[in-house]
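A short worksheet on the structure shown next.
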Amino acid sequence: MNMNLDKHIIDQVNEAHRGVINSSKQAIERAIEAGELLTRIKDMCEHGEFLAIVTAKFELNHKTAQRYMQVAEYAAKTTQLSHLQEAYKLIESEEAKKKHAKALDQKKKIEY
């Protein structure tokens, strides 16, 4: 199939694609920003108080708040990604590695 595509249409598709990429990167940047702010708030809270504040004051649930805080924690690794879902997957992988290393360390202590 030989289609003579109008350059204007090609430019529009490419521009739309760049918009999607930029929006995805902005989503990660905004998640980092929200996570940093939420972390600051949590650090000021008494034990158990943070969940109540998130529930009462913000337009997000506790799980979303946790994810934003994790994205902020791993900001150096997540800013180079294209999509927020990729950032969540990376964080899950990193957290799993931490848990595995901790379990191995505890096992070594028990064997010792």
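For Tyr74 against Ile91, the heavy-atom pair with the smallest separation is CD1-CG1, 3.7 Å. Nearest heavy-atom pair across Glu36 and Ala72 is N-CB, 3.6 Å. The two residues Phe50 and Leu38 come nearest to each other via the heavy atoms CE1-O, 3.6 Å.
Rounding to the nearest 0.5 Å gives a distance of 11.5 Å between CG of Leu37 and CE of Met69. Annotation: the span from Lys63 atom NZ to Asn61 atom CG amounts to 9.0 Å, rounded to 0.5 Å. Remark: His62 NE2 to Ile53 CD1 distance equals 11.0 Å, nearest 0.5 Å. For the atom pair Gln85 CD and Ile28 CD1, the distance stands at 10.0 Å (nearest 0.5 Å). A distance of 9.0 Å separates CD in Glu29 from CG in Asn22, rounded to the nearest 0.5 Å.
Here Lys97 does not pair with Glu92 in a salt bridge; the nearest charged N to carboxylate O distance is not below 4.0 Å. A salt bridge between Glu95 and Lys102 is absent, with no side-chain N of the basic residue lying under 4.0 Å from a carboxylate O of the acidic one. A salt bridge between Glu15 and Arg18 is present, with a side-chain N of the basic residue lying under 4.0 Å from a carboxylate O of the acidic one.
Taking 4.5 Å as the limit, every side-chain heavy atom of Asp6 sits out of range of all side-chain heavy atoms of Ile10. Between Gln70 and Glu94, every side-chain heavy-atom pair lies at or beyond the 4.5 Å cut-off. Val71 has its side chain within reach of Tyr88: a pair of non-hydrogen atoms, C-beta onward, lies under 4.5 Å apart.
Both Phe58 and Tyr68 belong to a single network of hydrophobic side chains, linked directly or stepwise wherever heavy atoms of I, L, V, M, F, W or Y lie under 4.5 Å apart.
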Derivation of the side-chain contact (heavy atoms from CB on, under 4.5 Å) call for Leu90 and Glu86: CA-CA 6 Å; Leu90 174 92; Glu86 289 178 344; over 6 Å; no
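With Thr64 contributing its side chain and Leu60 its backbone, the two residues share no donor-acceptor pair below 3.5 Å. A donor-acceptor pair under 3.5 Å is formed between the side chain of Ser23 and the backbone N or O of Gly19.
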